[in-house]
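Atom set for the values below is all heavy atoms of this structure, side chains included, hydrogens, waters and symmetry mates excluded. Because the structure is predicted, anything quoted here is derived from the model rather than measured.
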Amino acid sequence: MKTKLFLKISLGVVFLIWAILFLVINHKYKSPNIIESDYQVYHNGISYELLDVEVKKNVDEEALNDGLGENIEYVITVKVNNTSEAQKIDLSEVVLYRTDYSNCVALDYYYDENEDVSLYLEAGEEKIYKFPFIIYQNLFTDKQWKNIENSDWKLLLNLYPEKIMLDIS
């Protein structure tokens, strides 16, 4: 009897602590301000203009043999214009995104797609980059994979405090 009472009190205390921490964290960190466009967005003094989205199937032939299944490469061509002082683009912030999935730039393909791979931009400099992303069949259910090309894909450039996205669908 005492063990059940102790267990109930302990669970109640843990739940109370969890609830308080939940409220404190959600009060401290507000939801991000969402900035989305299908043409052009600005982030940290850099303008990103969507030029083209190319879809290639089964570019990673090793993946077919390694059990990863079919694959699709999205090559997103973006014109980047630095309107502030010299700075570097952080590739870890450039993400192919949809509500239930995200993927970073495929670096080995990035070097193949771009002649100038430098991410450093002088003040006022403009460059065109191709950001390649590869998605693999085994990361999705069969139902999701059948409609993968119709997904609501975004190029995510920043997550917080502003969620900045280019709609590439």
Counting C-beta onward and ignoring hydrogens, is there a side-chain heavy-atom pair between [X] and [Y] closer than 4.5 Å?
X: Gln137; Y: Gln144; answer: no
X: Ile72; Y: Val55; answer: yes
X: Ile17; Y: Val14; answer: no
X: Ile164; Y: Glu36; answer: no

Would a distance-only check, ignoring hydrogens and angles, find a side-chain to backbone donor-acceptor pair under 3.5 Å from [X] to [Y]?
X: Asn71; Y: Val59; answer: yes
X: Lys163; Y: Tyr160; answer: no
X: Asn114; Y: Lys130; answer: yes
X: Thr83; Y: Gly45; answer: yes

Quiz item: Under the salt bridge (Lys or Arg N to Asp or Glu O under 4.0 Å) criterion, do Lys57 and Glu70 qualify, and how do the steps go?
Solution: CA-CA 8 Å; Lys57 294 190 177 192; Glu70 294 180 16; over 6 Å; no
In terms of side-chain heavy atoms, does [X] have a donor or acceptor partner in [Y] at a distance below 3.5 Å?
X: Ser47; Y: Gln40; answer: yes
X: Gln87; Y: Asn44; answer: no
X: Asp60; Y: Tyr136; answer: yes
X: Glu125; Y: Asn81; answer: no

Practice problem: Please test Val80 against Glu49 for side-chain contact (heavy atoms from CB on, under 4.5 Å), starting from the C-alpha separation and ending with a verdict. | Solution: CA-CA 6 Å; Val80 178; Glu49 180 182 339; over 6 Å; no
So, for [X] and [Y], which heavy atoms are closest and what is the spacing to 0.1 Å?
X: Ser169; Y: Ser151; value: OG-O, 3.1 Å
X: Lys56; Y: Glu54; value: CE-OE2, 3.1 Å
X: Tyr110; Y: Pro132; value: N-CG, 3.3 Å
X: Ile168; Y: Lys154; value: CG1-N, 4.1 Å
X: Ile134; Y: Tyr101; value: O-OH, 4.1 Å

Distance, nearest 0.5 Å, that separates [atom1] of [X] from [atom2] of [Y]:
X: Glu115; Y: Ile128; atom1: CD; atom2: CD1; value: 11.0 Å
X: Asn147; Y: Trp145; atom1: CG; atom2: CH2; value: 11.5 Å
X: Leu23; Y: Lys28; atom1: CG; atom2: NZ; value: 15.0 Å
X: Tyr111; Y: Leu107; atom1: OH; atom2: CG; value: 5.5 Å
X: Lys127; Y: Tyr129; atom1: NZ; atom2: OH; value: 3.5 Å
X: Glu162; Y: Ile35; atom1: CD; atom2: CD1; value: 3.5 Å

Quiz item: Leu11 and Lys8: side-chain contact (heavy atoms from CB on, under 4.5 Å), yes or no, with the steps?
Solution: CA-CA 5 Å; Leu11 289 175; Lys8 288 180 182 179; 6.0 Å; no
Exercise. Answer yes or no: is there an ion pair linking Lys88 with Asp90, defined by an N-O contact shorter than 4.0 Å?
Key: no
Quiz item: Hey, are Asp152 and Arg98 close enough for a salt bridge, meaning a charged N less than 4.0 Å from a carboxylate O?
Solution: no
Do [X] and [Y] belong to the same hydrophobic cluster, where Ile, Leu, Val, Met, Phe, Trp and Tyr are linked whenever their side-chain heavy atoms lie under 4.5 Å apart, directly or via other members?
X: Leu157; Y: Ile34; answer: no
X: Leu159; Y: Leu166; answer: no
X: Phe22; Y: Val13; answer: no
X: Tyr42; Y: Val95; answer: no
X: Leu51; Y: Val41; answer: no

Quiz item: Counting only heavy atoms not in Asp100, do more than 12 fall under 6.0 Å of its CG?
Solution: yes
Self-check item: Qualifying residue for side chain to side chain contact (heavy atoms under 4.5 Å, CB included) with Leu96, from Leu155, Ile135, Leu156
Solution: Ile135
Quiz item: Does the separation of the ring centres of Tyr109 and Phe133 fall below 6.0 angstrom?
Solution: no
Quiz item: Taking the six-membered ring for Trp, are the ring centroids of Trp153 and Tyr74 within less than 6.0 Å of each other?
Solution: yes
Practice problem: Decide side-chain contact (heavy atoms from CB on, under 4.5 Å) for Glu93 and His43; before the verdict, give the C-alpha distance in whole Å, the side-chain angles of both, and the deciding distance to 0.1 Å. | Solution: CA-CA 11 Å; Glu93 291 183 352; His43 173 54; 3.6 Å; yes
Practice problem: Take Asn82 and Tyr120, measure what side-chain contact (heavy atoms from CB on, under 4.5 Å) needs, and give me the verdict at the end. | Solution: CA-CA 10 Å; Asn82 184 10; Tyr120 186 79; over 6 Å; no
